[in-house]
Amino acid sequence: MPKDYLDQLNSAQKKAVSAPVENTLVLAGAGSGKTRVLTHRIAWLIQNGFCSPFNILAVTFTNKAANEMRGRVEQLLGYSAQNLWIGTFHGLCHRLMRIHYDKANLNENFQIMDSDDQLRVIKRIVTAMGLDEKQWIPKKIQWFINAKKDDGLRAAKVPNPADLHTRTLISIYQQYEETCFRMHLVDFAELLLRTQELFERHPDILEHYQSRFTYILVDEFQDTNAIQYNWIKALAKKNTLMAVGDDDQSIYGWRGAKIENMKALERDFHPINIQRLEQNYRSTGNILKAANTLIANNPDRLGKNLWTEDGLGEKISLYPAFNEFDEARFIVECIREYYKQQHQYLHCAILYRSNTQSRVIEEALIQAGIPYRIYGGLRFFERQEIKDALGYLKLILNPDDDTAFERAINTPPRGIGEQSLNQLRDNSKEKTISLWQSALHCVEQKKLSNRVLNNLQSFIQLIQTLQQETKDLSLSNLTDQVILRSGLISHYQNEKGEKGQTRIENLQELITAAGQFSEENKNNVHTQLAEFLANAALEAGETQSDESAIDYVQLMTLHSAKGLEFPLVFLAGMEEGLFPHQLSASDPSQLSEERRLCYVGITRAMKKLYLTYAETRRHHGQEMYHRPSRFIHELPQELLDEVRLRTKISKPLYTSSHKTSHYPPTMSLRTTNYRQQTALVSQELNGFRLGQLVKHPTFGEGTILNFEGSGEYARVQVKFKQVGTKWLVASYAKLEVIS
DNA sequence: ACCTGAAATATTTTT
DNA sequence: TATTTCAGGT
């Protein structure tokens with residue numbers, strides 16, 4: 001290890017890294033180098049002989065973060081530390097479950113369900129219980145079950161409620177638990193829950209890990225939920241904990257993360273040494289000031305103020321667009337300009353609140369010929385064809401997996417219809433056996449029509465043959481065989497269009513992935529397969545397969561931007577209703593979370609930040625008039641630079657049917673101070689006059705204050721009696737002249 | 001089994 | 001608007 005490795009750190013970081021070996025909470029602001037502190041701390045502990053790598057447990061939320069941390073630690077140590085436990089909560093719990101499967105009441109071959117599998121199981125249960133799917137929406141039930149599990153509650157332990165609705169939910173949960181148990185399947189939350197129970201029921205095992213892991217480090221602590229917190233508490237009780245987090249960047253409350261856990265630390269791990277990292281190495285002074293001012297509007301913060309030695313940098317640009325097309329056009333224009341100045345596309349990020357916003361921006365980028373990549377969406381192991389193949393692979397290991405059975409039996413179609421399938425389902429429900437077993441019974445006792453019986457028989461044969469004949473193959477050959485003999489390849493060959501071809505390519509890719517996986521794995525092939533399947537569930541792979549472009553603009557939601565940084569950032573759709581989202585507007589705590597999300601967005605920017613909003617946006621097929629986001633108003637107005645657009649030629653001849661008519665023909669960008677109102681056209685426009693009294697269908701009555709632009713995109717500024725002053729596109733807003 | 005058209009229904013996402 | 005799901009027909 002380089003002796004001077006602490007010299008790479010600033011004084012606050014150094015202080016945190018070499019803090020006394022006692023419980024420590026590091027409050028690390030955005031861009032203050034928290035991962036760096038965490039990795040250096042691990043190296044420091046080892047180097048100074050406080051412990052060996054064997055004694056360290058480091059926990060993260062994503063595989064990406066875990067991999068990155070391991071890499072950085074090994075780099076600092078100068079050797080590969082395999083007995084260092086670094087991983088995600090789920091990954092580490094999975095590891096524990098594989099070791100202690102018997103004590104955790106699991107089958108040796110237990111498998112992990114992803115959320116898609118989980119949803120299918122729930123659907124089946126709802127149907128089997130004779131409940132109406134319209135009323136008992138599987139997604140909501142899934143939500144309910146996971147929320148309970150994240151709180152560490154089994155169905156039997158959920159407080160008994162008075163209302164029938166919740167009682168039914170609990171009984172579905174109970175059914176679900178039993179079904180999963182019978183199938184030897186665990187969902188993600190179950191990994192944590194089982195570990196909790198293992199520790200409760202087998203104190204010796206807990207003690208074993210307590211004495212092993214003398215130093216525990218947790219990243220992104222603000223994102224922990226109840227069960228994760230308890231897990232840490234159990235393991236770290238007699239040991240030393242370092243938690244790193246930022247309450248201002250807590251954006252996962254909606255899926256159970258508890259910001260309060262940060263405060264709970266002070267209680268449960270008292271005395272705790274609090275270290276603050278407030279020097280930011282990422283953004284300019286103006287960007288930081290904006291972020292600080294915004295987040296100051298949130299109550300109950302632990303308190304933190306970011307500062308930088310950097311200069312103020314440029315102001316934050318604000319662009320009020322006519323509509324979403326104009327917004328996209330503007331962003332593309334800026335990126336083009338930026339690229340011309342010898343910059344890379346890779347340095348530009350377009351961030352938005354919800355995925356639907358990406359489409360219009362994508363189209364504008366395509367039209368401009370700018371390469372881009374969208375993050376989020378379908379991952380490799382979540383693709384339909386991949387899940388089909390995985391279904392067969394799962395059946396080889398565990399034919400009692402009903403989810404896999406249901407999937408495989410009719411993909412590709414095998415002439416076993418809904419009728420016959422229902423008989424199998426009834427039969428298995430009645431006897432509490434798996435579908436596979438009830439299929440065996442049916443064949444034995446010739447319970448179905450001859451034709452179906454034949455089909456079923458050959459399906460059973462197929463699985464049994466695969467089970468036996470693949471024992472001596474390599475994992476990739478096995479996968480190859482399964483894909484071929486299941487008929488998936490020929491099934492997808494018949495699919496029309498390019499889709500089938502892509503699917504087959506993906507299936508080939510699965511074979512390659514299996515080959516790569518088994519390279520580092522010397523177990524027998526079925527053990528390898530079990531691990532491969534677990535890996536597929538826990539690490540669903542990249543969102544997009546490799547694309548040829550190496551320099552591209554990056555598009556993603558604000559949530560997925562956390563932890564990243566870009567020189568040039570656009571926050572698009574800064575509108576009330578969109579951001580903060582309509583569904584979060586009424587609840588103060590949700591609104592605070594939206595604000596934190598905005599804080600996350602702003603602090604992604606290193607050099608330049610653009611905020612854009614559209615005055616008109618088509619949303620769910622309806623034209624919507626949104627006000628600019630309250631978050632814009634919460635920023636220091638002197639830091640904002642409003643970009644105004646001026647049309648040079650008035651030519652009111654655009655029709656919306658014309659394909660390129662989203663934008664006025666000639667335009668130039670001009671900058672004015674924010675809030676400065678400029679009449680660019682004249683005293684009169686489209687029959688409107690200054691001072692005229694008008695009525696808007698939603699905003700009510702108001703007075704015309706100003707005009708801007710011309711033609712289809714001409715806008716009027718109206719001071720409404722009830723909702724304040726707004727700029728409206730005259731041709732969209734259905735303004736009625738009153739006087 | 002597959003096609004078609006109507007109807008419902010639209011945050012954020014990791015594991 | 002766009003996507004997904006479902007009923008009904010072939």
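What you see is a predicted model, and the numbers here were worked out from it, not measured in a lab. Letters A, B, ... mirror the listed sequences (proteins, then strands); counts begin at 1.
- The base-pairing partner of C/dT3, taking Watson-Crick or G-U wobble contacts with both distances under 3.5 Å, is B/dA8.
- Of the possible polar contacts, none joining the A/Ser250 side chain to the A/Asp247 backbone as a donor-acceptor pair under 3.5 Å is found.
- Nearest-nucleotide positions on DNA chain B place A/Ile416 closer to the 5' end than the other of A/Ile416 and A/His619.
- Remark: B/dT13 base-pairs with no nucleotide; criterion is Watson-Crick or G-U wobble with both hydrogen-bond distances under 3.5 Å.
- Atom NE2 of A/His620 and atom C1' of C/dT4 are 14 Å apart (whole Å).
- Between A/Leu578 atom CG and B/dA10 atom P the separation is 16 Å, expressed in whole Å.
- One interatomic measurement links the two molecules: NE2 of A/His491 to P of B/dA1, which rounds to 11 Å at whole-angstrom precision.
- One can place CZ of A/Arg359 at 18 Å from P of B/dA10, the figure rounded to the nearest angstrom.
- In this structure, the CD atom of A/Glu363 is 13 Å from the P atom of C/dT1, given to the nearest Å.
- Using modelled atom types, one side-chain atom of A/Gln357 and one backbone atom of A/Ser354 make a donor-acceptor pair closer than 3.5 Å.
- Ring pair A/Phe199/A/Tyr209 is tilted by interplanar angle, where 30° to 60° counts as tilted.
- As rounded to whole Å, 18 Å separates atom P of B/dA10 from atom CD of A/Gln357.
- By the 6.0 Å contact criterion, CZ on A/Arg451 is open, its count of non-hydrogen atoms from other residues, nucleotides or ligands being 12 or less.
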What's the verdict on salt bridge (Lys or Arg N to Asp or Glu O under 4.0 Å) for A/Asp326 and A/Arg329, showing C-alpha distance, side-chain angles and the deciding distance?
CA-CA 5 Å; A/Asp326 182 36; A/Arg329 188 226 97 238; 2.4 Å; yes
For nucleotides 12-15 of chain B, give me every protein contact, N/O to N/O, under 3.5 Å, one pair per line with atom names.
from, atom 1, to, atom 2, distance (Å)
B/dT12, OP1, A/Asn355, N, 2.7
B/dT12, OP1, A/Asn355, OD1, 3.1
B/dT12, O4', A/Arg353, NH2, 2.9
B/dT12, N1, A/Arg353, NH2, 3.4
B/dT12, O2, A/Arg353, NH2, 2.5
B/dT13, OP1, A/Thr557, OG1, 2.5
B/dT13, OP2, A/Asn355, OD1, 3.3
B/dT13, O4', A/Arg255, NH1, 3.4
B/dT13, O2, A/Arg255, NH1, 3.4
B/dT15, OP1, A/Asn63, N, 2.7
B/dT15, OP1, A/Asn63, ND2, 3.3
B/dT15, OP2, A/Arg379, NH2, 3.0
B/dT15, O2, A/His90, NE2, 3.4
B/dT15, O4, A/Ser115, OG, 3.2

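- The NE2 atom of A/His491 sits 10.0 Å away from the CZ atom of A/Arg414 when rounded to the nearest 0.5 Å.
- At whole-Å resolution of the value, NZ in A/Lys562 and P in B/dT11 are 21 Å apart.
- Around CD of A/Gln457, the count of heavy atoms belonging to other residues, nucleotides or ligands within 6.0 Å exceeds 12.
- The CD-P distance, from A/Glu576 to B/dT11, rounds to 18 Å in whole Å.
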